[in-house]
K.L.:
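Take a look at this one; I'll ask things after.
Residue numbers count from 1 along this sequence. Side chains included, hydrogens not; waters and symmetry mates left out as well; all remaining heavy atoms used.
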Amino acid sequence: MSHPQAEVHRMFELVEPIATVTFSNAVTEAFLALGMRDYWDGYFAGRAAPLGQAPAEVVHAVFYNFADGEVARHIPWVWGKTTPEEAIAVRERASAAALRQRIGQLADSPGLVRVADLATRAAVSAPTEGRALYAGLRALDVPEEPVARLWHAATLLREHRGDSHNAALVAHGIGGTEAHVLLALSLGMKAAVVDGLRGRGLVDADGGFTDTGRKTSERIEAVTDELAAPAYDVLSADEFDELIAGLEPIAAAARAADD
C-alpha cells in the first residue's frame, strides 16, 4: 500500500544517520588497514564494490555528483589493493561495529530485531529499474546479525533513494556538481559554482535562490520522495508506523554520537 509522502521523507531522515556510519573514522581505518591511501580510497572501494570492477566512467555515472576525474583518482587503483568482495565484507563488518558502538544498549534490544526485520522487508522489495547501485546492493546476501542487518537495510534504502534522486536531478537538467550547489543553498550555505544555475534563472545575482530555483529544488525533493516511496509499499500502515517509531531512538542515538 502507498504511504503519505511526509512519512516517506521522514524515513529518509531516519535512515541517513544509520547508513552513513559507513563514512565514519572506524570504517576508514578498516580500509586503511587494507592499503588504502586515504578516506576517499576507502569511500570509493566500499561504496562502488557492489558494481564489481566497473571502470571509473561507469562508477562516475552512477555516483553522479563528483567532479570530472575525481572517481578516476581512486578507481581502478583501489582494486590493486583489495577486491570488491573483500571491500564489501570489510565495509559491512566495520559499519556494523561502528553502528553498535554509537547506539549502545539499543543494539541488543528486542525492538532492534523487529526494526531490522521491517526495514529489510522494505529494503529488498523496492524496484531496481534504473537504479544500478541499489540493484548491485540487492544482489548481496542480507546479514544475519541484527545490527548488521539494520545497517544493510538502511544502506539499501539510502541508495535506492539516492538513485531516485539522481533520476530527478537529470529530469530537471541539474548536473552533478550543480546538485551540490542546490543542496548548499537549501541549507542556507553559499557556494562558488553558480554561473550555470544563474544563467538558467535558478540563482540570483547574490548567489541565493530565485523563486524558480527554490521551486525547482523543492520539486526535485518531492519527486525523489515519490520515486523512493515504492520501497515501503510492502508494509501495512501499522507496520510502517511501527518502523518509523522504532527507528526514531536508533537514529537519534546514531546522530548524537556523530556530533
K.L.:
To the nearest 0.5 Å, what is the distance between CD on Glu57 and CG on Asp68?
P.N.:
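With rounding to 0.5 Å, CD (Glu57) is 11.0 Å from CG (Asp68).
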K.L.:
How long is the span from the CD atom in Glu145 to the CZ atom in Arg93, to the nearest 0.5 Å?
P.N.:
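Going from CD on Glu145 over to CZ on Arg93, the span is 13.0 Å.
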K.L.:
Regarding Glu86 and Thr82, do their side chains bring together a donor and an acceptor under 3.5 Å, going by distance alone?
P.N.:
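Yes, a side-chain donor-acceptor pair sits under 3.5 Å.
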K.L.:
Are Leu99 and Leu247 linked, directly or through intermediate hydrophobic residues, by side-chain heavy-atom contacts shorter than 4.5 Å (ILVMFWY only)?
P.N.:
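Linked within one cluster.
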K.L.:
Please answer: with hydrophobic residues joined when any side-chain heavy atoms are less than 4.5 Å apart, are Leu34 and Ile75 in the same cluster?
P.N.:
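Hydrophobic grouping puts Leu34 with Ile75.
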K.L.:
CG/Leu156 to OG1/Thr120 distance, rounded to the nearest 0.5 angstrom?
P.N.:
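Interatomic distance, Leu156 CG to Thr120 OG1, rounded to 0.5 Å: 8.0 Å.
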K.L.:
Given the rule in the salt bridge (Lys or Arg N to Asp or Glu O under 4.0 Å) test, do Glu7 and Arg10 qualify, once you have shown the distances and angles that lead to the verdict?
P.N.:
CA-CA 5 Å; Glu7 292 186 7; Arg10 180 58 180 153; over 6 Å; no
K.L.:
Quick check for you: to the nearest 0.5 Å, what is the distance between Glu92 atom CD and Leu140 atom CG?
P.N.:
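Between Glu92 CD and Leu140 CG, I get 8.5 Å after rounding to 0.5 Å.
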K.L.:
Determine the interplanar angle of the Tyr43 and Tyr39 rings, folded into 0 to 90°, and report it as parallel if under 30°, tilted if 30 to 60°, perpendicular if over 60°.
P.N.:
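Ring orientation of Tyr43 relative to Tyr39: tilted.
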K.L.:
Check whether any side-chain N or O of Ser125 sits under 3.5 Å from a backbone N or O of Ala122 as a donor-acceptor pair, and report yes or no.
P.N.:
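Checked: pair present.
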K.L.:
Could you go through the salt bridge (Lys or Arg N to Asp or Glu O under 4.0 Å) check for Glu16 and Arg255 one step at a time?
P.N.:
CA-CA 9 Å; Glu16 191 74 1; Arg255 189 179 295 108; over 6 Å; no
K.L.:
Kindly compute the distance separating CG (Asp225) from CD (Gln5), expressed to the nearest 0.5 Å.
P.N.:
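It is 5.0 Å, given to the nearest 0.5 Å.
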K.L.:
Between the side chain of Arg149 and the main-chain N/O of Glu144, is any donor-acceptor distance below 3.5 Å?
P.N.:
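Yes, because the side chain of Arg149 sits within donor-acceptor range (under 3.5 Å) of the backbone of Glu144.
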K.L.:
Against the six-membered ring of Trp77, is Arg37 placed for a cation-pi contact (under 6.0 Å from the centre, within 45° of the normal)?
P.N.:
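Checked: cation-pi criterion met.
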K.L.:
Hey, are Asp41 and Lys81 close enough for a salt bridge, meaning a charged N less than 4.0 Å from a carboxylate O?
P.N.:
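Between Lys81 and Asp41 there is no salt bridge, as every charged N stays at least 4.0 Å from the carboxylate O atoms.
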K.L.:
Using salt bridge (Lys or Arg N to Asp or Glu O under 4.0 Å), reason through Glu221 and Arg161 one step at a time and then give a plain yes or no.
P.N.:
CA-CA 10 Å; Glu221 287 303 310; Arg161 189 182 194 278; 3.4 Å; yes
K.L.:
Can you check whether Tyr232 and His3 have ring centres sitting under 6.0 Å from each other?
P.N.:
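Not under 6.0 Å, so no.
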K.L.:
Tell me whether the centres of the aromatic rings in Phe44 and Phe66 are closer together than 6.0 Å.
P.N.:
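Yes, they do, as the ring centres are separated by less than 6.0 Å.
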K.L.:
Which residue, Leu243, Leu157, Ile244, Val115, forms the side-chain contact (heavy atoms from CB on, under 4.5 Å) with Leu14?
P.N.:
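Per the side-chain contact (heavy atoms from CB on, under 4.5 Å) rule, the option paired with Leu14 is Ile244, out of Leu243, Leu157, Ile244, Val115.
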K.L.:
Would you say that more than 12 heavy atoms from the other residues, nucleotides or ligands in this model lie under 6.0 Å from the CD of Gln101, or not?
P.N.:
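It does not: Gln101 CD has 12 such atoms or fewer within range.
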K.L.:
Taking 4.0 angstrom as the limit, do Arg47 and Glu159 come out as a salt bridge?
P.N.:
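Salt bridge flag = yes for Glu159 with Arg47.
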K.L.:
Tell me whether Arg73 contacts the main-chain N or O of Val71 through its side chain, where contact means a donor paired with an acceptor under 3.5 Å.
P.N.:
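Answer holds: no.
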K.L.:
What about Leu137 and Leu118, same hydrophobic cluster or not, with Ile/Leu/Val/Met/Phe/Trp/Tyr joined at side-chain heavy-atom distances under 4.5 Å?
P.N.:
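They do not share one cluster, since no chain of ILVMFWY contacts under 4.5 Å joins Leu137 to Leu118.
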K.L.:
As an exercise, state the distance from CH2 of Trp40 to OG1 of Thr28, rounded to the nearest 0.5 Å.
P.N.:
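Interatomic distance, Trp40 CH2 to Thr28 OG1, rounded to 0.5 Å: 10.0 Å.
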K.L.:
Any heavy-atom pair between the side chains of Asp233 and Met1 that's under 4.5 Å?
P.N.:
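Counting from C-beta outward, Met1 and Asp233 never come under 4.5 Å.
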K.L.:
Without swapping roles, check the side chain of Arg138 against the backbone of Val124 for a donor-acceptor pair under 3.5 Å.
P.N.:
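Yes: the side chain of Arg138 pairs with the backbone of Val124.
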K.L.:
Do you know the tightest heavy-atom contact between Ala19 and Arg158?
P.N.:
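Distance-wise, the nearest heavy atoms are CB-CD, 3.6 Å.
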K.L.:
Asp163 and Ala132: which non-hydrogen atoms are nearest, and at how many Å?
P.N.:
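Shortest heavy-atom contact: OD2-N, 3.5 Å.
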K.L.:
Linking directly or through intermediates, with side-chain heavy atoms under 4.5 Å: list the remaining ILVMFWY members grouped with Phe12, chain and number order.
P.N.:
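Answer for Phe12: none, a lone residue.
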